[in-house]
2 protein chains.
Amino acid sequence: MKIEKLIEEKNLKLTSARRELLEIFFHSAKPLSFEDVRSRIKMDKATFYRNVSKFEEQAILGSFESNDKKRYYELNTLPHAHFVCKICNGVECIKEPFSMSLDGYVIEDIILKGVCKQCNK
Amino acid sequence: MKIEKLIEEKNLKLTSARRELLEIFFHSAKPLSFEDVRSRIKMDKATFYRNVSKFEEQAILGSFESNDKKRYYELNTLPHAHFVCKICNGVECIKEPFSMSLDGYVIEDIILKGVCKQCNK
DNA sequence: CTCTTAATTGCAACTTAGTCGCAAAAATTT
DNA sequence: AAATTTTTGCGACTAAGTTGCAATTAAGAG
């Protein structure tokens, strides 16, 4: 299965915490915070944060800080922008690819802030 | 002077804390966190946060959360993007105007994350 | 399969940005 | 100048995230 292979490739040990975490990220369409994960499975926050940091070091996950003082994590797939709603604090992935460049800078992520579709009605 | 006029217009009371705060924001080229302001003047954090919130309500200031868990504030001028460096955590304003739109969404701010000019050398 | 070793987990204590209640101080109204 | 209202500053508090440490678990060697 892909989780086992991924962990193997990165020379990490496969623990149940890691399997559960990756399982969740593989099945989520949005970036998730600790709270989001916590609402799905029981996991100590130290375990969560230590594992997601390790996954980030290994480029399995990426993350960004949202508007609500929480950090959101997701699988490192193709580069794409994120939208953060200032009303509901919801976080979404924007599928349409972005192109933006700036001399001398490396742009790795784009976060758009404003009002999402739902809250705009 | 413009600070007095601005405060007047927004029906706020002009206190020395507010004058000092606005003075700093008027002379800064970058968004500032409480720590940044604190390094320039002595001010209680409750006073800082209560005033910047009030200024935000009155659309005098705008703010965003950076990568370092700190919130950065700046005068509400023309819409422009911000760049946040993941190496030095520096925050900069991008002068070039952006144009990006997304059906059904209101985009109010754009934050680019990556590596800044300095750290890229 | 069992032993050994090294990594991981879970808990509690801690850190840090930001918030809140309240009494003292400063502004504005009368 | 007195009365009323708002703001300030302090300390206590909150919530996300980090760290130290003892107990547990994974994985390789025999």
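Chain letters run A, B, ... following the sequence lines, proteins first, then strands; residues in each count from 1.
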Nucleotide C/dG18, atom P - distance to CG of A/Asn67 in whole Å: 12 Å

Side-chain atoms of B/Tyr49 come closest, of C/dG18, C/dG10, C/dT8, to C/dG18

A/Phe83 ring centre to A/Lys113 NZ or CZ under 6.0 Å, with the angle to the axis within 45°? no

What integer distance in Å separates A/Arg50:CZ from D/dT24:C1'? 13 Å

Please check this pair: side chain of B/Ser53 against backbone of B/Tyr49, looking for a donor-acceptor N/O pair closer than 3.5 Å. yes

Strictly below 4.0 Å: does A/Arg71 bring a side-chain N or O up to OP1 or OP2 of D/dA16? no

Ring centroid separation A/Phe34 to A/Tyr72 under 6.0 Å: no

Any side-chain N or O of B/Thr15 under 4.0 Å from OP1/OP2 of D/dT8? yes

Side chains of residues 114-121 of chain B: which donor-acceptor pairs under 3.5 Å do they make with residues two or more places apart or in other chains?
from	atom 1	to	atom 2	distance (Å)
B/Asn120	ND2	A/Gly104	O	3.1

Go nucleotide by nucleotide along DNA chain C from the 5' end; which of B/Ala46 and B/Asp68 gets its closest nucleotide reached first? B/Asp68

Round to a whole Å and report the spacing from CG of B/Asn11 to C1' of C/dT29. 15 Å

Calculate the interatomic distance between B/Glu56 atom CD and C/dT19 atom P; express it in whole Å. 10 Å

Between the side chain of A/Ser39 and the main-chain N/O of A/Asp36, is any donor-acceptor distance below 3.5 Å? yes

Distance below 4.0 Å between B/Ser16 side-chain N/O and C/dA26 OP1 or OP2: no

State which of D/dT8, C/dT9, D/dG17 makes the closest approach to the side chain of A/Asn51. C/dT9

Which residue lies more 5' along DNA chain C, comparing A/Met43 with B/Glu35 via nearest heavy atoms: A/Met43

Taking 4.0 angstrom as the limit, do B/Glu92 and B/Lys30 come out as a salt bridge? no

Charged N to carboxylate O under 4.0 angstrom, B/Glu35 versus B/Lys70? no

Candidate nucleotides C/dT8, D/dA27, C/dA17, ranked by approach to the side chain of A/Leu14 - the nearest: D/dA27

If you check every side-chain atom of B/Lys13, which of D/dT7, C/dT9, D/dA16 has the closest atom? D/dT7

When the distance from CG of B/Leu21 to C1' of D/dG9 is rounded to whole Å, what number comes out? 14 Å

Hey, which sits more toward the 5' end of DNA chain D by its nearest nucleotide, A/Glu65 or B/Arg18? B/Arg18

In this structure, how many angstroms lie between the C1' atom of D/dT19 and the CG atom of A/Asp44, rounded? 12 Å

Sugar-phosphate only, base, or nothing, as touched by B/Lys42 at under 4.0 Å among non-hydrogen atoms: nothing

CG of A/Leu12 versus P of D/dA26: gap in Å, rounded? 15 Å

Under 3.5 Å, sequence neighbours excluded: what are the donor-acceptor pairs made by side chains of residues 14-22 of chain B?
from	atom 1	to	atom 2	distance (Å)
B/Thr15	OG1	B/Arg18	N	3.3
B/Arg18	NE	B/Asn51	OD1	2.7
B/Arg18	NH1	B/Lys13	O	2.8
B/Arg18	NH2	B/Asn51	OD1	3.4
B/Arg19	NH2	B/Glu4	OE2	3.1

Below 4.0 angstrom from OP1 or OP2 of D/dG9, is there any side-chain N or O of B/Thr47? yes

Whole-Å gap separating C1' (C/dG18) and CZ (B/Phe64): 17 Å

Measure all distances between protein nitrogen or oxygen atoms and nitrogen or oxygen atoms of nucleotides 14-16 of chain C, and list the pairs falling under 3.5 Å.
none

